Amino acid sequence: MIILSIETSADETAAAVTQGRRRLSSLLYSQVLLYKQWGGIVPSIAKRAHEERIDQIIVGAVKRAHLNANFDQAMKKIDAIGVTYGPGLAIALEVGINKAKELARKYQIRLIAVNHLEGHIYANFIQNRRGMPPRRFTFPYLALLVSGGHTAIVIFRRHLDYQVIGETKDDAVGEALDKAARILGFGYPGGPIIENLADEVDNQDKYLFPRPMARSDNFNFSYSGLKTAFFYRVRKMSEKEKLANLRYLASSFQEAAFDSLIIKLEKAIKKTKINRILVGGGVSANFYLRKKIRSLVKKYQGRAFFPPQRDFSGDNAAMIGVVAYFKARQNQYVENIDRLDRQPRLAIGEFNT
Ligand code: AMP
Ligand code: MG
């Protein structure tokens, strides 16, 4: 089964062609450079940038899948179109959905609406053309979602079956890293900048910022208190002192932010007795976080999985194609194309097509 997928929920315009779990092509235009000076996504810019690039990205993905040199002929080999319908930025989602509908009508192809967060979980199972890595599904898993918009722990019981057991009460972890970088005077996205600064001082924890919600007896997260503590700590410093300590500040912030992920993940492992962990979302690209998760899971004789290529941690369309494939196997197609609408606040496990 060959699926063309489209993803435009935030600042990545992405399209992919997949066959089952195999990625035949995956293309992406990232808008991050447009936002460097803004500190985050600007909706009106995002909409226009998606509109400007989407055709090119889709044509490119179809071409690179080598189905046929002619686009119309290649489209005849596509069995379904998968599209992200939420959660995300409403006017950005709309660009992808409208394009998916247009292609579905023109080429008479069935549509599958995909939840972006499920995509981040299934990103762990994307394979290359040769079916590597093999990674079988061995349920149940705990999924840790760490992105710019979400921080959650989810029990993933079987295909397309999720239970959210913890989530952030305010900012997402990626968002917190972005804000910390901004407070230090850097641009967007902040996660990779903080990672590099912290690495230069071997991730030392000089400032010991608070570990949000560490003692609370649930699996939820909160990052606004940490952000505030960081803001006031930096504000107390002279410019000179701040510059001299940039790396230590970044490192201590990252440590506090990741420690609270580890604390809650450990609670969840103990409580659910599930020790197979899937990690997804932009922040899962972070090598230091990966190391921390691996050593936690080792304590419980479990295994931690990360997307098989670092660029599948962030937004991409191949992950949407993999979810679409499992939805197709359960016959979960969009029944009425006209009624498919964006769902900016779609929750994981929520069915809304
Ligand atoms: P997503 O929302 O899945 O598109 O991921 C975007 C978020 O991931 C942003 O908040 C980035 O700062 C964050 N991010 C990307 N790369 C890294 C990294 N290497 N370390 C930490 N955070 C990262
Ligand atoms: Mg995302």
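Bear in mind the structure is a predicted one, so any value in this text is a computation, not a measurement. Whatever order the structure lists them in is the order used to number ligands and atoms, beginning at 1.
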Does [X] qualify as a cation-pi partner of [Y], given the criterion of NZ or CZ under 6.0 Å from the six-membered ring centre and within 45 degrees of its axis?
X	Y	answer
Lys206	Tyr248	yes
Arg21	Phe326	no
Arg110	Tyr333	yes
Arg53	Tyr29	yes

* To do: Please state which part of Arg290 comes within less than 4.0 Å of ligand 1, counting heavy atoms only: side chain, backbone, both or neither.
  =>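 Neither part.
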
* Asked: Which is it for Asp178 and ligand 1 at heavy atoms under 4.0 Å: side chain, backbone, both or neither?
  ->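 The part of Asp178 near ligand 1 is the side chain, not the backbone.
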
In ligand 1, which numbered atoms sit nearer than 4.0 Å to a non-hydrogen atom of [X]?
X	result
His120	3 (O)
Leu177	21 (C), 22 (N)
Gly190	12 (O)
Gly174	10 (O)
Pro189	11 (C), 12 (O)
Gly148	1 (P), 2 (O), 5 (O), 6 (C), 7 (C), 10 (O)
Arg310	19 (N)

* Asked: Is the shortest side-chain N to carboxylate O distance from Lys227 to Asp170 below 4.0 Å?
  ->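 Asp170 and Lys227: not salt-bridged.
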
* Asked: Would you call Lys291 and Asp199 a salt bridge, taking side-chain N to carboxylate O under 4.0 Å as the test?
  ->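 Salt bridge flag = no for Asp199 with Lys291.
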
I want to know if ligand 1 touches [X] in the polar sense, i.e. an N/O pair below 3.5 angstrom.
X	answer
Asn286	yes
Gly191	yes
Glu195	yes
Gly314	no

* Would you call the rings of Phe305 and Tyr141 parallel, tilted or perpendicular, where under 30° means parallel and over 60° means perpendicular? ->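 Answer is perpendicular, since the angle exceeds 60°.
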
* Nearest neighbour of atom 4 (O) of ligand 1 from the list Asn316, Asp315, Ile193, on a heavy-atom basis ->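 Closest candidate by heavy-atom distance is Asp315.
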
* Asked: Among Ala257, Gly282, Gly119, which one has a heavy atom closest to atom 15 (C) of ligand 1?
  ->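 Ranked by closest heavy atom to atom 15 (C) of ligand 1, first place is Gly282.
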
* To do: For Phe253, enumerate each residue passing the ring pair (Phe, Tyr, Trp, His ring centres under 6.0 Å) test, keeping only those at least two apart in sequence or located in another chain.
  =>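 Per chain and number, Phe253 pairs via ring pair (Phe, Tyr, Trp, His ring centres under 6.0 Å) with Phe230.
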
* Answer with yes or no whether Lys179 contacts ligand 1, where contact means a heavy atom under 4.0 Å from a ligand atom. =>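 Heavy atoms of Lys179 never come under 4.0 Å of ligand 1.
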
* Heavy atom of Ala10, distance to ligand 1 below 4.0 Å ->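 It does not, in that no heavy atom of Ala10 comes within the 4.0 Å cut-off of ligand 1.
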
* Tell me whether Leu265 is reachable from Ile348 by hopping between hydrophobic residues (I, L, V, M, F, W, Y) whose side-chain heavy atoms are closer than 4.5 Å. =>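 Per the 4.5 Å side-chain linkage, Ile348 and Leu265 are not co-clustered.
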
* Keeping to residues at least two apart or across chains, list the ring pair (Phe, Tyr, Trp, His ring centres under 6.0 Å) pairs with something in residues 94-114. =>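 Ring pair (Phe, Tyr, Trp, His ring centres under 6.0 Å) check on residues 94-114 returns no pairs.
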
* To do: For the pair Thr272 and Ile155, evaluate side chain to side chain contact (heavy atoms under 4.5 Å, CB included) and give the outcome as yes or no after the intermediate values.
  => CA-CA 9 Å; Thr272 62; Ile155 301 178; 4.0 Å; yes

